[in-house]
Every structure is written in C-alpha cells, then in structure tokens.
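Below you'll find the structure, written out as structure tokens, and then a few comments.
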There are 2 protein chains.
Amino acid sequence: MLNNSHYIDKLRSSGLRPTKQRIKICEILFNTEKTFHFTINDLVKKISKATNDKISLATVYNTVHAFKKKGYLKEIPINSDQSYFDTNTSHHHHFYDENQKDLMDIDDADVEPVKINTRIPGKKIKSVEVLVKVEDA
Amino acid sequence: MLNNSHYIDKLRSSGLRPTKQRIKICEILFNTEKTFHFTINDLVKKISKATNDKISLATVYNTVHAFKKKGYLKEIPINSDQSYFDTNTSHHHHFYDENQKDLMDIDDADVEPVKINTRIPGKKIKSVEVLVKVEDA
DNA sequence: ATTCTACATTATAATAGTTCTAAACTGTTG
DNA sequence: CAACAGTTTAGAACTATTATAATGTAGAAT
C-alpha cells in the first residue's frame with residue numbers, strides 16, 4: 001500500500017477508473033522487482049493473501065482483460081487448460097517445462113531474431129512468439 | 001474406405017487395437033493429400049458427414065489423444081477456447097489470423113532456424129514452436 | 001456539497017470444452 | 001469358443017471463462 005498515486009495516474013491516463021480493486025491488483029502485479037507469469041487462479045490466491053476485502057472473480061477477469069487490452073499484460077500462447085499471463089510486456093520468448101508445468105522467460109538476447117520470409121496478402125504481422133518446450137534430459 | 005489394412009497395421013504396431021472407430025478416424029485424418037488443422041468439433045462434424053454410424057464424443061477425444069501420444073498428430077500451442085490439432089507432424093510453424101480465427105502452416109523454408117543460445121540445466125529441448133499472429137493490414 | 005450518469009463491481013447463472021464414470025461391447029489370446 | 005483386457009458409450013461431472021442484471025461508485029455537472 002505504498003505509493004498508489006502512480007497506479008492511479010496510470011489507470012486514469014489509460015481511461016480506466018482507478019477503483020480500489022484495480023489499484024489493489026496493480027499493487028500485486030506491478031509492485032515487484034521481477035516480472036512473473038500467472039493464471040487467473042494464481043492471481044485470485046495472491047489477492048486473498050494480500051487483502052481482506054475480497055475481489056469478485058468476475059472483476060479479476062475483467063481487470064486482467066482490461067490490462068491486457070491496454071498493454072500492461074501479455075497473454076502467453078500455450079495450450080493449457082487455463083490462460084497464462086505475463087507482467088513482462090517487453091519482447092521476449094518462453095521456455096515451458098512440461099514436466100513441472102513451469103513457464104520461464106528467455107532473455108531476448110539469447111534468441112536470434114526470427115525471420116519470417118513470407119507474408120499473407122492483406123495481413124500484417126502482429127506478433128512473433130516462440131515457445132520452447134523442454135523436458136527432463 | 002479404400003485400403004484400411006495400412007491403418008490396421010499402423011494401429012496394431014503402435015499398440016492400439018484397430019477398432020472400426022479408430023480406423024474411420026484414420027481415414028478422415030490421414031487419407032488426404034494435404035495435411036490440415038482441426039478442432040475436436042471440426043472432427044466430429046467430418047465424422048458425421050463421412051459415416052452413418054456415429055462415434056461417441058468421448059471416443060473422439062480418446063482417439064485424438066491416443067494419436068497425439070503416438071505422434072500421429074501434433075497439438076498447436078495457441079490460446080484459444082479450444083485445442084487445435086495438426087495432421088502435419090513434420091517440423092513447421094504457424095500463422096494465426098486472429099480476425100478470421102484461421103490457422104495456416106508456414107513453409108519451413110520460409111522461417112530461418114530459430115537459435116536459442118541458452119539452456120536450462122537438466123532439461124533438453126523438446127520442441128521450438130513459432131506462432132506468428134497476423135491481423136488485417 | 002448534492003445530484004447525475006456512465007462506468008465498475010458483484011453474485012450468480014450460463015456456457016463450452018473437456019474429462020470422468022461405469023456399464024456394455026469387442027478384439028485378441030489361449 | 002471362452003476369457004479377459006482394452007475400447008466404446010451416454011451421460012454426468014468438472015473447470016475455465018463469459019454473460020447477466022442488480023447494486024455500487026468515481027468523476028463531472030450543477
């Protein structure tokens with residue numbers, strides 16, 4: 001509950017009303033040194049640890065989608081039974097450990113830029129995402 | 001309904017009993033020149049077009065998972081409300097058109113090999129998959 | 001400050017994809 | 001052919017997510 005004015009400004013400037021639920025979720029998602037990955041379920045757990053006032057599940061979904069739309073979160077393409085989100089919105093790719101079901105960033109310096117030498121007429125590239133699946137050696 | 005003995009052998013040799021349901025699904029998935037992408041729902045529709053004896057939804061799921069496990073199908077990592085499968089099990093990447101919700105192969109010759117210059121200790125790379133999201137230009 | 005209004009939150013219901021269950025069925029082996 | 005393990009099946013159950021509609025609230029206008 002340090003300095004929320006930053007989040008309030010951020011929310012307001014992107015056209016989102018700074019409600020106490022959104023501010024709390026900002027604190028949980030963005031008050032850390034390190035970025036991290038989470039599912040909605042993870043986030044709900046973090047929220048209930050962090051506060052006594054519970055936030056409705058619908059609001060959690062709404063907020064995560066709103067933040068994704070505003071570019072504060074990225075969704076990671078992975079086939080899983082649930083969606084994964086990333087607080088690291090800079091360009092980078094992922095390792096996915098199928099044994100531990102663990103998702104890790106790959107430092108962008110460790111991936112050669114992916115060149116796609118073909119295009120689809122009338123379409124432009126929106127993103128290029130690499131998922132490296134790993135397993136026990 | 002051409003020559004099923006091929007599928008029967010294939011199934012038997014991978015430890016799957018060649019039931020009429022599995023053979024029918026093999027015909028639908030593998031009797032084509034071109035490989036293709038499908039969801040479970042797509043497959044169910046194809047089946048009901050192709051045969052009068054309906055196959056239970058549970059069997060479709062079971063069979064697709066069995067075929068995936070045996071390496072006859074690949075699942076494509078994409079966040080969608082449903083799972084996408086690919087009868088093309090060779091190495092290649094995908095375009096995903098978010099407007100049309102259309103998934104397309106990228107010819108492997110059109111993608112520079114993706115170099116990952118880092119490793120996770122104790123893990124080996126199982127696959128490297130590139131998903132190129134496109135949108136209306 | 002009070003009122004107004006559009007935006008947010010909420011509990012709950014609804015939906016959709018997928019998995020589970022347990023009974024009936026069938027391919028294979030002896 | 002008998003026996004058994006693997007398979008299919010319908011339907012129930014489960015899970016993640018979205019929709020609904022009533023209530024609440026932030027910010028602007030008065």
Side-chain angles (χ1 to χ4, degrees), chain A residues 4-5 7-26 28 37-48 51-70 72-73 75-85 101 103, chain B residues 4-5 7-26 28 37-48 51-70 72-73 75-85 101 103:
Chain A
N4 291 332
S5 61
Y7 297 129
I8 293 175
D9 292 347
K10 180 175 177 169
L11 288 166
R12 205 168 303 177
S13 70
S14 47
L16 298 171
R17 285 189 186 168
T19 64
K20 67 179 194 304
Q21 292 86 346
R22 284 172 176 167
I23 294 167
K24 173 58 69 181
I25 291 174
C26 277
I28 291 168
H37 308 119
F38 66 94
T39 63
I40 295 290
N41 189 39
D42 294 336
L43 181 53
V44 167
K45 280 189 210 153
K46 278 173 187 283
I47 292 168
S48 63
T51 182
N52 294 316
D53 325 311
K54 80 179 279 296
I55 299 179
S56 155
L57 181 61
T59 300
V60 178
Y61 274 98
N62 288 342
T63 303
V64 166
H65 288 147
F67 286 6
K68 180 191 166 189
K69 199 167 191 175
K70 295 299 179 182
Y72 303 147
L73 291 174
E75 191 171 358
I76 302 170
I78 191 173
N79 17 32
S80 168
D81 46 347
Q82 49 197 324
S83 292
Y84 277 80
F85 295 90
K101 295 199 176 279
L103 194 58
Chain B
N4 291 334
S5 61
Y7 298 130
I8 293 175
D9 292 346
K10 180 175 176 171
L11 288 167
R12 205 167 307 181
S13 70
S14 48
L16 297 171
R17 283 190 186 168
T19 63
K20 68 179 196 302
Q21 291 87 346
R22 285 173 176 166
I23 294 167
K24 174 56 71 182
I25 291 174
C26 277
I28 292 168
H37 307 121
F38 66 94
T39 63
I40 296 291
N41 189 39
D42 294 335
L43 181 53
V44 166
K45 281 189 211 152
K46 278 172 187 282
I47 292 168
S48 65
T51 180
N52 293 317
D53 325 312
K54 80 179 280 294
I55 298 179
S56 153
L57 182 60
T59 299
V60 179
Y61 273 99
N62 289 341
T63 302
V64 167
H65 288 147
F67 286 5
K68 181 192 167 190
K69 198 167 190 175
K70 296 298 177 185
Y72 303 148
L73 291 174
E75 191 171 358
I76 302 169
I78 192 175
N79 17 31
S80 167
D81 46 347
Q82 49 197 323
S83 293
Y84 277 80
F85 296 90
K101 296 198 175 279
L103 194 57

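Fair warning: this is a prediction, and the values are worked out from it, not measured in the lab. Here is the naming used below: chain letters follow the sequence lines, and residue numbers restart at 1 for every chain.
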Could you check if a side-chain atom of [X] sits within less than 4.5 angstrom of a side-chain atom of [Y], using non-hydrogen atoms only?
| X | Y | result |
| --- | --- | --- |
| A:Phe85 | A:Leu43 | no |
| A:Thr51 | A:Ile28 | no |
| B:Ile40 | B:Leu57 | yes |

Partners meeting salt bridge (Lys or Arg N to Asp or Glu O under 4.0 Å) with A:Lys68 (sequence neighbours left out):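 Testing A:Lys68 for salt bridge (Lys or Arg N to Asp or Glu O under 4.0 Å), a comparison that skips the adjacent residues, returns A:Glu75.
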Could you go step by step and tell me if B:Cys26 and B:Phe67 meet the side-chain contact (heavy atoms from CB on, under 4.5 Å) rule? CA-CA 9 Å; B:Cys26 277; B:Phe67 286 5; 3.6 Å; yes
Please check the phosphate of D:dT9 (OP1 and OP2 only) for any side-chain N or O of B:Gln21 closer than 4.0 Å.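 It does, given that an N or O in the side chain of B:Gln21 lies less than 4.0 Å from OP1 or OP2 of D:dT9.
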What is the first contacted nucleotide of DNA chain C and what is the last, in 5' to 3' order, if contact means an atom lying under 4.0 angstrom from a heavy atom of chain A?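 Terminal contacting nucleotides, 5' to 3': C:dA6 to C:dA11.
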Considering all heavy atoms of both residues, which atom of B:Val60 and which atom of B:Ile25 are nearest to each other, and what is their separation?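 Answer, listing the atom of B:Val60 first, then B:Ile25: CA-CD1, 4.4 Å.
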Check A:Ile76 against B:Asn79 and note the closest heavy-atom contact, atom names and distance.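 Reported closest heavy-atom pair: O-ND2, 2.9 Å.
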Give me the distances for all protein-to-nucleotides 26-28 of chain D N/O pairs that come in under 3.5 Å?
from	atom 1	to	atom 2	distance (Å)
D:dA26	N3	A:Arg17	NH1	3.4
D:dG27	OP1	A:Arg12	NE	3.3
D:dG27	OP1	A:Arg12	NH2	3.4

Are the side chain of B:Ser14 and the backbone of B:Leu11 linked by a donor-acceptor contact shorter than 3.5 Å?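 Yes; judged by distance alone, with no hydrogens or angles, the pair exists.
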For residues 54-67 of chain B, pull every pair meeting side-chain hydrogen bond (donor to acceptor under 3.5 Å, both in side chains), keeping only residues two or more places apart or in separate chains.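 side-chain hydrogen bond (donor to acceptor under 3.5 Å, both in side chains) check on residues 54-67 of chain B returns no pairs.
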Can you check nucleotides 14-18 of chain D for protein contacts, nitrogen or oxygen pairs under 3.5 Å, and list what you find?
from	atom 1	to	atom 2	distance (Å)
D:dT17	OP1	A:Ser83	N	2.9
D:dT17	OP1	A:Ser83	OG	3.0
D:dT17	OP2	A:Tyr61	OH	2.7
D:dT17	O5'	A:Tyr61	OH	3.3

Among residues two or more places apart or on two chains, list those pairs meeting salt bridge (Lys or Arg N to Asp or Glu O under 4.0 Å) that have a residue in residues 7-17 of chain B.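 Sorted result for residues 7-17 of chain B: empty, none.
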Rounded to the nearest angstrom, tell me the gap between atom NZ in B:Lys54 and atom C1' in D:dT8.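 My rounded result for the distance is 11 Å.
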